[in-house]
Amino acid sequence: MLRYVTRRLLLAIPTLIAISLLIFFIIQLPPGDYLSNQIDELRAQGEEASLAKVEFLRAQFGFDRPFIEQYAVWVGIWPGPDGLHGLLQGNWGWSFEYDQPVETVLGDSLGLTLLLNFATVLFIYIVAFPIGVYSATRQYSVGDYGFTLLGYLGLATPNFLLGLILLYYGNLWFGLSIGGLMAPEYMDAPWSLAKFRSVLSHLAVPVIVIGTAGTAAMIRRLRANLLDELRKPYVATARAKGLPRGRMLAKYPLRMALNPFIADIGDLLPQMVSGSVIVSVVLNLPTVGPVLLGALRSQDQYLAGFILMFVALLTVVGMLISDLLLGLLDPRIRLQGKAAMGR
Amino acid sequence: MSDLLLVNDLSVEFATPAGAFQALEGVNFRVPRGRTVALVGESGSGKTVIAQTIMGLLPASGRILSGQVLFDHDKSPDTPPRDLAALSHSDRALRMLRGRDMSMVFQEPMSALSPLHTIGDQIDESARYHLRLSRKAARARAIETLGLVGFPDPARAYHAYPFELSGGLRQRAVIAMAIICRPALLIADEPTTALDVTIQAQILALLQRLQAELDMAVLLITHDLGVVAHLADEIVVLHQGQVMEAGDRQAIFSDPTHPYLRGLLAAVPRLAASPRHAEQVPGAANAAPPESSAPADVHLKTDRRPIISVQGICKGFHSRAARRLPAEGAEPVAAVTDVSFDLCPGECVGLVGESGCGKTTTAKLIMRALMPDAGTIFFNGTDISKFAGHALSSYRTQVQYIFQDPFSSLNPRMTVGDLLCEPLQIHRRGDRASRQARARALMQRVGLDPDHLTRYPHAFSGGQRQRIGIARALALDPQVLICDEPVSALDVTVQARILALLKDLQTELSLTYLFVSHDLAVMRQIADRIIVMQGGRVVETGECDELFENPVHPYTRALLAAVPDPDPDAVFDFADAMSGAAGGPDGWPAPYCDNSHVRVQMKQISATHFVRVFEADAV
């Protein structure tokens, strides 16, 4: 097992290198860059004075250097103007649009994104599991049809519409402020218990909005998986033992039906970041989604690059977690390779 | 002695999209305490429905219309027997009986066990639940039970996962799971159908021993009359949900009165009698068969040129782990080692052996679905590995394959007509009209109604589907048919009809068969020559009759001994069948065991009979 973990960790390194190369390459694909766009604009406006500063920045960031050197400086394996000072050294880069370090631009939003996504995943699992199990074990019952209908409604309703409706009633009934992940007075305040509470109460709406579609899809899949498992002979064996139904269900078919969901954890994380952009814009959530959108549009390359790297890292870590969990939960994965080796 | 189980006028109905279907109609039978009752019938006869009704495991679409299932698990006379049919299937009372007083062994041990839990975890849970044993006590009991069912190292087996065990041991684990609470009634639903013959003999012996030791009644559900003849005290014959005949084993076998039972008994292939007839072998009379382009030098069997000649082929497979880490030096697992034989025009060669012996790999090598690591296969004198392009596709039309499972080998989304025309289409033969005509002719040839060409496979029974599979294999006028267990998924009566069809076709079309099977009785019916394989090697080969009458190799003998004959008077010693020879080379005496000092050779017993020995040059 330890060898497996080490190997997976080592494998993550070339994966991340490949991803970072690809990200940097794709960001630079459109003609020009943020600064040359700026220069053109300044020239058109005749502001020759500001040009000097922009030219300085161009040189500073090595925009006149070859692609591979720019990449190496960004990652931090090649000395730039300030020596080795890239991602590896903890320098997240400079945002031209905001004229600030990326670190300052993103601020709390990385943490809030993680918090929001984690809460959403949790919401999906908590809601979808009991409903999925109920639907599968009572196939074609009134309840099953009811949940199926609700699920389709959840899938079909546009997220942002649902978000607006929930925001309206949240404000009407609970006095929640519209938009954002916290009441306005905490916006730039340092973290405190009150601020945390405010964040929690504001989480409800976005979590429900982002989670509904995922929940509906998950219910359908869990129901289908479980229905397949319920028809398998080992379930009949377990029933023939006379175990109570709930205990039998949880121990055998549900455990088997879980595998695809564990395997999915890796995919969930990046989906949440990129999938919730529209909702984040509509609900004015301080997550990285809208920032990424803006950065990509204005070719703010270090900001976009950093966010994409962050998502890639999440994916790799998520995949690692799900693989390790699968190995832990499924003896076939854990032991079969070994058994074959011994032969 | 009172009856443990009494089934009275039981009728069960299933709701299907096509309307109600009555699976059982007024079934009556009894199971006396401590005896074995066999429920015999073909698929669809309602055997399994009876078991499900008794256990309360009927699917949601099933409904008990009438009748009683009286279960008297309590030996004290004051408690009246309980009517299981009256307890609904989620009822707690019925659930308390399940697993404690009555339990069940299923057909396929791999799928009957959860792959995610250890054997021990699955076995001791009913002891913990029903007998309220502590974790430790339940574990001790599970280990004791594992020892009882013959695990060599029960304490270790307790922590094993199902996929780490062989098929036979898995079935033993399922049996241990069923008997851990020492039930009064054990229902065994086709407990050995999925197992090899030698393993089957061991499991049957185990059931017999357990029954005596635990004083348990066994309701044995099977289609195999050979098993029934040696295990059952009483027999109940079912057909389409009705009891055809019931009674004592001796009475049933010696004097079958119902025509259905007589037909069933007649259909069972037997090892003892030789049903061979002269007309099976296409003789010299029709020297030039109309549909064969072979030269007319085909007359005497002895100087026939082989149509397919297999010479010293070897094939190994790398396990997944070994492929990933080739540095570890893991050797490939040899599936086929140095196999040689000839297939002469018009003969049927049987390839016999148990699962994993390499018979299917051999068939696939001949099909060129796989390439051998060493050795050559000649087709009419040409090396098939040299075939490419047109020559290869023409070879593929000459050698066709009939699959084991008639359900999964036919695409459910294609009509029978499309299925039969597809090979013609692939090889660009004829136009649409001529293909249709050919398909109609093929349907007729295999005994199906040509008007059914527009139907889909699901509209046909298992036997009919296998006929479609045969028709598809015949579509391109092949010379050689490779039949991979073509009848092992079918009921005995259907099996007999398919074998007869194959024989007729062989004569009419002068086909050559390579018949792969694990079933020796089937082999005896159809094969001219038999090749016995074990562990990827040919251990004995000979003319069919001679091999059956005078088996020389210990493995062949073990195989033959392990098949129970459907004759209650024939002595069948389960213990003998469990002797070491079935296991593999380790249990074989000299000169059959591996001896590195002496060269291995195929020793000649008679003109056509050879056996693999380690012996200095003899004869």
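Below, all heavy atoms of this structure are taken into account, side chains as well, without hydrogens, waters or symmetry copies. Each chain gets a letter, A, B and so on, in the order its sequence line appears, and its residues count up from 1.
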What part of [X] gets closer than 4.5 Å to chain A, counting heavy atoms only: side chain, backbone, both or neither?
X	answer
B/Leu113	backbone
B/Met177	side chain
B/Met55	side chain

If I take atom [atom1] from residue [X] and atom [atom2] from residue [Y], how far apart are they, to the nearest 0.5 angstrom?
X	Y	atom1	atom2	result
B/Arg98	A/Arg239	CZ	CZ	5.5 Å
B/His117	A/Met256	NE2	CE	9.5 Å
B/Tyr129	A/Lys241	OH	NZ	13.0 Å

Residue among B/Met104, B/Glu108, B/Glu125, B/Met96 with most heavy-atom pairs under 4.5 Å to chain A: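 Most heavy-atom pairs within the cutoff with chain A belong to B/Glu125.
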Please rank B/Ser111, B/Gly99, B/Ser103 by heavy-atom pairs under 4.5 Å with chain A and give me the top one.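 Option with the top pair count is B/Ser111.
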Do A/Tyr252 and B/Ser114 come within less than 4.5 Å of each other through their side chains, counting heavy atoms only?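 With C-beta onward as the side chain, the pair touches.
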Report yes if the side chains of A/Leu329 and B/Leu116 come closer than 4.5 Å at any heavy-atom pair, otherwise no.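 Answer no - side chains too far apart.
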Are the side chain of [X] and the backbone N or O of [Y] linked by a donor-acceptor pair below 3.5 Å?
X	Y	answer
A/Thr237	B/Ala112	yes
A/Lys251	B/Gln122	no
B/His130	A/Leu243	no

Hey, is CZ on B/Phe407 packed in by over 12 heavy atoms from elsewhere, all under 6.0 Å?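 For B/Phe407, atom CZ is crowded (more than 12 foreign heavy atoms under 6.0 Å).
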Does atom CZ of A/Phe67 have more than 12 heavy-atom neighbours, drawn from other residues, nucleotides or ligands, at distances under 6.0 Å?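 Atom CZ in A/Phe67 is crowded, with more than 12 foreign heavy atoms closer than 6.0 Å.
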Please classify the contact between A/Pro253 and chain B as side chain, backbone, both or neither, with a heavy-atom cut-off of under 4.5 Å.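 For A/Pro253, no heavy atom lies under 4.5 Å from chain B.
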